[in-house]
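Along the sequence shown, the residues carry numbers beginning at 1. Just the heavy atoms: all of them, side chains too, but no hydrogens, waters or symmetry mates, feed the values below.
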Amino acid sequence: MKFDIDRLVLVPDDIDLSRSPLAGHFDAETYILGVFNPGLLRLANGNLLMMVRVAEALRTPIIDGHVHAIRWDNNRYMLDAWPVEHADTADPRKFTLHGGAWKVMALTSLSWLLPVELTPDGLDIVELHYDKAIQPQFSFQCYGVEDARISQVGDRWLMTTCSVSPERHSTCLYSSTNGLDWTFEGIVLDHQNKDMLIFEGLIDGQYWAQTRPLGSLYFAYPPGSDWRAGPSINLATSPDALHWKPYEKPGIRAHSGTITMERMGGGTPPILTDKGWLTLWHGVEPKEIVGIYRTYWSILDKEDPGLTIETGKQAILEAAPDLTQPIEHQMYLRDVVFTTGIADGGEVYVVASGEADLACRITHIPKTAFT
């Protein structure tokens, strides 16, 4: 679908590397691989704030027969090296190490989170808050902090992030009372459970969230079923937003009549509308290494989000090559839009997405598009 207001608002060249948390820690030159997948909230002054994932990569990762990765350790950033003949570097975002009994990988970049304040319509930058950046603090974040999702519940904001390390691939929670200063609350979902979106409101006194367990083994539905076996978006509940119990009913699943989805996961935190909880989510059609990412939408029941009331018949957002044409020289992925934030803009929703794992995209989507 096409929308009148749909543009890139932050690109790699907007970042001042001299103000990066990594600056001065090692001699190798870095560059901004991408600024993408922004969480979104509205500040008390009316401006919007994106919490942007900044992926900072080595300009020359392969030197002297070794491929290198950046790692945080005890308040320092350093480089690790592996013999290049032991690594598969086909994916520009990561490399896979050979020789093990299971898949082991390392990243070509380390991610940190940068708060970027925007005008109320989300279309112009007001300030990049480098002094409020969120970076690794613990060993379970040594390869970075990624993909913020922000929800307002009551008088505080709750932000989930993905923490990456050899110890675990987990979801962590931060909280804030002003949207700029964040407190680390702890790990809330364990290994390989990510894309956690907390509903913007309680249901019967309980917090609710969408989750996305990773996996590669699925059991078949019976012949003729309405559902296709494979990835899904699950649900969980909590009394305090810290301790989560999986919900018994399935969440959003791939319908048998739809295209095959290699992956699917939550995009924007569910917000309450007259019809139910509106949630935007991503589905991935297999293609080459990464696949084709599109954004879809569903309405979940107000009282029981395990019931899906309605799902749009087609993608609401797809990758937009016309938007990335001015930064074509920096492109390393295609066919990817990854929607991660939503805010009320009156007659429209202001929707924030990562475009091509490279830039931040803002789209004004009329509320009538979800009817």
Residues Arg19, Asp131: salt bridge by 4.0 Å N-O rule: no

Distance-only donor-acceptor check, side chains Tyr218 and Arg228, under 3.5 Å: no

SB check Glu285 Arg294 (cutoff 4.0 Å): yes

Trp227 and His255 aromatic centres sub-6.0 Å: yes

Hydrophobic cluster membership, Ile62 vs Leu107, 4.5 Å side-chain cutoff: yes

Asp64 atom CG, neighbour heavy-atom count above 12 within 6.0 Å: no

Validation row: Ile125, Leu118 side chains within 4.5 angstrom (heavy atoms): yes

Hydrophobic cluster identity match, Leu110 and Val54, side-chain contacts under 4.5 Å: yes

Check: Gly346 main-chain N/O paired with Lys367 side-chain donor or acceptor under 3.5 Å: yes

Crowding at CG, Asp4 (>12 non-hydrogen neighbours, <6.0 Å): no

Co-membership, hydrophobic cluster, residues Ile299 and Leu197, 4.5 Å side-chain: no

Expected output: side-chain Trp277 to main-chain Leu300 donor-acceptor under 3.5 Å: no

Side chain to side chain, Leu158 and Tyr207, heavy atoms closer than 4.5 Å: yes

Interatomic distance, Thr161 atom OG1 to Trp182 atom CH2 [nearest 0.5 angstrom]: 10.5 Å

Inter-residue atom distance Gln192.CD - Arg168.CZ, 0.5 Å rounding: 12.5 Å

Gln210 versus Thr279, side-chain donor and acceptor atoms under 3.5 Å: yes

Check: Arg212 main-chain N/O paired with Asp195 side-chain donor or acceptor under 3.5 Å: no

is_close_aromatic(Trp82, Phe95), centroid dist under 6.0 Å: yes

Spacing of Trp281 atom CH2 and Trp297 atom CH2 [to the nearest 0.5 Å]: 11.0 Å

Thr324 side chain vs Ile327 backbone, donor-acceptor pair below 3.5 Å: no

Check: Glu127/Asn47 side-chain N/O donor and acceptor closer than 3.5 Å: no

Donor-acceptor under 3.5 Å (His169 side chain, Cys162 main chain): no

Residues Asp344 and Arg42 bridged, charged N to O under 4.0 Å: no

Residue list, salt bridge (charged side-chain N to carboxylate O under 4.0 Å, His left out) with Glu310, at least two apart or on another chain: Lys275

Under 3.5 Å side-chain donor-acceptor pair for Trp157 and Ser175: no

Heavy-atom side-chain contact between Pro239 and Gln206 under 4.5 Å: yes

Close side-chain approach of Thr119 to Leu48, heavy-atom, < 4.5 Å: no

Short side-chain donor-acceptor distance under 3.5 Å, Thr160 and Arg149: no

Note, Leu113 side chain near Arg53 side chain (heavy atom, < 4.5 Å): yes

Other residues, nucleotides, ligands: >12 heavy atoms within 6.0 Å of Asn45 CG: yes

Pair Arg334 + Glu328, salt bridge at N-O below 4.0 Å: yes

Pair Glu355, Tyr293: side-chain N/O donor-acceptor within cut-off below 3.5 Å: no

Linked, directly or transitively: Val35 and Leu114 (ILVMFWY side chains, under 4.5 Å): yes

Side-chain donor or acceptor of His86 paired with backbone N/O of Val84 under 3.5 Å: no

pair His98-Asp88: side-chain heavy atoms closer than 4.5 Å: yes

Distance-only polar pair, side chains of Ser20 and Glu56, donor-acceptor under 3.5 Å: yes

Thr89 versus Asp91, side-chain donor and acceptor atoms under 3.5 Å: no

Donor-acceptor under 3.5 Å (Tyr130 side chain, Pro115 main chain): no

Backbone of Gly265 reached by a side-chain donor or acceptor of His282 within 3.5 Å: yes

Flag, side chain of Lys132 to backbone of Val116, donor-acceptor distance under 3.5 Å: no

CD1-CG distance between Ile309 and Leu278, expressed to the nearest 0.5 angstrom: 13.0 Å

CG on Leu323 to OG1 on Thr363, rounded to 0.5 Å: 7.5 Å

Aromatic plane relationship, Phe140 with Phe138 - under 30° parallel, 30 to 60° tilted, over 60° perpendicular: parallel

Modelled atom types, side-chain donor and acceptor of Asp13 and Gln330, under 3.5 Å: yes

Any side-chain donor near an acceptor of the partner, Asp190 and Ser170, under 3.5 Å: no

Check: Tyr247 ring centroid to Trp208 ring centroid under 6.0 Å: yes

Expected output: side-chain Ser111 to main-chain Val145 donor-acceptor under 3.5 Å: no

Joint cluster assignment, Leu43 & Met51, ILVMFWY side-chain distance < 4.5 Å: yes

Test item: Thr108 and Val67 side chains (from C-beta on) under 4.5 Å apart, heavy atoms: no

Contact check, side chains of Leu280 and Val351, non-hydrogen atoms, under 4.5 Å: yes

Between CG on residue Leu10 and CG on residue Leu358, distance to nearest 0.5 Å: 10.0 Å

